[in-house]
Q: 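Handing you this structure, nothing more for now.
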Number of protein chains: 2
Amino acid sequence: MGIYQTIRDRICLLHYPPGKKLAEQELAEEFAVSRTPVRQALQRLEYDGLTEIRNGVGTTVTAVDRHAFEDIFAFRMRISELIGDFPASAEIPSVLASLGHLIDTAEQVRKDTDMVGFWRLNHELQEATGRLIGNRSLRDTHARYYFLACRIWYSVIDRIFDEQSADFVVEAQEIVKALKAGDVRAVGFIQRNHIALGMHRIAPYFHPE
Amino acid sequence: MGIYQTIRDRICLLHYPPGKKLAEQELAEEFAVSRTPVRQALQRLEYDGLTEIRNGVGTTVTAVDRHAFEDIFAFRMRISELIGDFPASAEIPSVLASLGHLIDTAEQVRKDTDMVGFWRLNHELQEATGRLIGNRSLRDTHARYYFLACRIWYSVIDRIFDEQSADFVVEAQEIVKALKAGDVRAVGFIQRNHIALGMHRIAPYFHPE
DNA sequence: CCATATCAAGCTGCATACACCATCGATAGA
DNA sequence: TCTATCGATGGTGTATGCAGCTTGATATGG
């Protein structure tokens, strides 16, 4: 996995929490490369909105205030609603295969209260539903804002794990049913509804900094 | 204006047409800097989808095939429809001021068949309507895909200038009327409809490569 | 004449050195 | 004692040299 993806996942997993300073030199030594490729990754992360680079100061992980939280989740809901307008129906079989594996794994993850495992399952679901989107612009945007959102719910996952992971299984099962009926539009609405559920579940725990 | 914006505008203005090779060394000499900041700009443009970097070959401006054309315009239509869901009503007065100046300038641009001037007016309208969007995620996406779309209609602007610029004035006037009524939602639908008009006007001239 | 191997040129990717900037603490003066 | 200034420190921004890759021209053998 590349430097960009590694750092991005660490931010989403809160291994690098908001406000954390990321020193180029330190990361360069860890990845056994020079500062150049590390800088490239950090600049891309800044473009994603996950980090902020200030000359002479350093690179810091961006804070997520109440405004950003609401903006991102509301936008993701609208984006998901659009999935049905651009269905990539040819991908349905492969997505169904992914979802099958995903639901099987989810039971074990729930028993173990394996939060990192749950985070990975969400990545897989995101990747799978992305394959159903037949419009590249929408698909890219869908993925882009997933990575902005996932660290938000992960910041309170220890307090909502049971409900959130139960809903996750329900969401995956509903998507399977919809896809077996060939109804990609339903997938978008299912996802939209579960984003809304998650948003309302997170909001009480989410205090602006 | 920065290196990134300069190169981006040259791509959108077809000064750098699809397929054009952008040599880092050459650009570095033009901007009187080293390759490093040029590389930074080119990498960001690649992330935008405007260029493609291949090791050992060089950086080329991406081609726009029929698929990309349809994806981008369809997506932009959907994005514009969402504007009304996140109105930044406080910006209405300043946007009205921008639109006034814009409509005044447009008449002269139409008389002169000033295509670059028309291109600039579109930038201004894009920037002004962006200020009406109260959701940062939507605003960023709205801007991002504008720059992917504008070089497409600009590639055939010489053949559609009269109709396109006439519609532009109508669009701006309709937006003024909507904003005077405080109806930001209407702005999104006006823009959506004019994107659709433009798309159908372009399609006949647009041949896949 | 054609196919293939080889080499040279030009490009990007990376490593490194240095310049510039922001910050904090020490120190001297009021 | 408080304040202002200066310097040390650690960070990012840039320039530059070199390594590795791609591609096209060229030479060579069939």
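Proteins come first, then strands; the chains are lettered A, B, ... in the order of their sequence lines, and each starts at number 1.
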Q: Which pairs with one or both residues in residues 144-155 of chain B pass salt bridge (Lys or Arg N to Asp or Glu O under 4.0 Å), sequence neighbours excluded?
A: B/Asp48-B/Arg144
Q: Give DNA chain D the dot-bracket treatment, 5' to 3': Watson-Crick (N1-N3 with N6-O4 or O6-N4) or G-U (N1-O2, O6-N3) under 3.5 Å, [ ] crossing, | other strand.
A: ||||||||||||||||||||||||||||||
Q: Output all residues satisfying side chain to side chain contact (heavy atoms under 4.5 Å, CB included) with B/Ile92, sequence neighbours left out; order by chain, then residue number.
A: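 Checked B/Ile92 against side chain to side chain contact (heavy atoms under 4.5 Å, CB included); matches are B/Ser89, B/Leu96, B/Leu132, B/Leu179, B/Val184.
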Q: Quick one: salt bridge (Lys or Arg N to Asp or Glu O under 4.0 Å) pairs with a partner in residues 191-205 of chain B, sequence neighbours left out?
A: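 Sorted result for residues 191-205 of chain B: B/Glu81-B/Arg192, B/Glu163-B/Arg201, B/Asp167-B/Arg201.
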Q: With sequence neighbours excluded, tell me which residues meet side chain to side chain contact (heavy atoms under 4.5 Å, CB included) with A/His101.
A: A/Thr105, A/Glu124
Q: Taking only nitrogen or oxygen atoms into account, show me every contact under 3.5 Å that the protein makes with nucleotides 15-18 of chain D, one pair per line with its distance.
A:
| from | atom 1 | to | atom 2 | distance (Å) |
| --- | --- | --- | --- | --- |
| D/dA15 | OP2 | B/Ser34 | N | 2.5 |
| D/dA15 | OP2 | B/Ser34 | OG | 2.6 |
| D/dA15 | O5' | B/Ser34 | OG | 3.4 |
| D/dA15 | N7 | B/Thr36 | OG1 | 2.8 |

Q: Can you sort out the partners of A/Arg39 under salt bridge (charged side-chain N to carboxylate O under 4.0 Å, His left out), two or more places apart, ordered by chain and number?
A: A/Glu24
Q: Can you confirm whether A/Val57 sits close enough to A/Lys21 that some side-chain heavy atom of one is under 4.5 Å from a side-chain heavy atom of the other?
A: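 They are in contact (side-chain heavy atoms under 4.5 Å apart), so the answer is yes.
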Q: What residues from residues 41-50 of chain B pass a heavy-atom cutoff of under 4.0 Å to DNA chain C?
A: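 DNA chain C contact set from residues 41-50 of chain B: none.
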Q: Does B/Arg131 have any salt bridge (charged side-chain N to carboxylate O under 4.0 Å, His left out) partners at least two apart in sequence or in another chain, and if so, which?
A: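 Counting only residues at least two positions away or on another chain, B/Arg131 forms a salt bridge (charged side-chain N to carboxylate O under 4.0 Å, His left out) with B/Glu91, B/Glu127.
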Q: Would you please name every residue forming a salt bridge (charged side-chain N to carboxylate O under 4.0 Å, His left out) with A/Arg110, sequence neighbours left out?
A: none
Q: Extract from the structure each pairing of a protein N or O with an N or O of nucleotides 7-11 of chain C at less than 3.5 Å, listing the distance.
A:
| from | atom 1 | to | atom 2 | distance (Å) |
| --- | --- | --- | --- | --- |
| C/dG10 | N2 | B/Gly56 | O | 3.2 |

Q: Provide the full list of side chain to side chain donor-acceptor pair (under 3.5 Å) pairs with a residue in residues 49-59 of chain A, sequence neighbours left out, each pair given once.
A: none
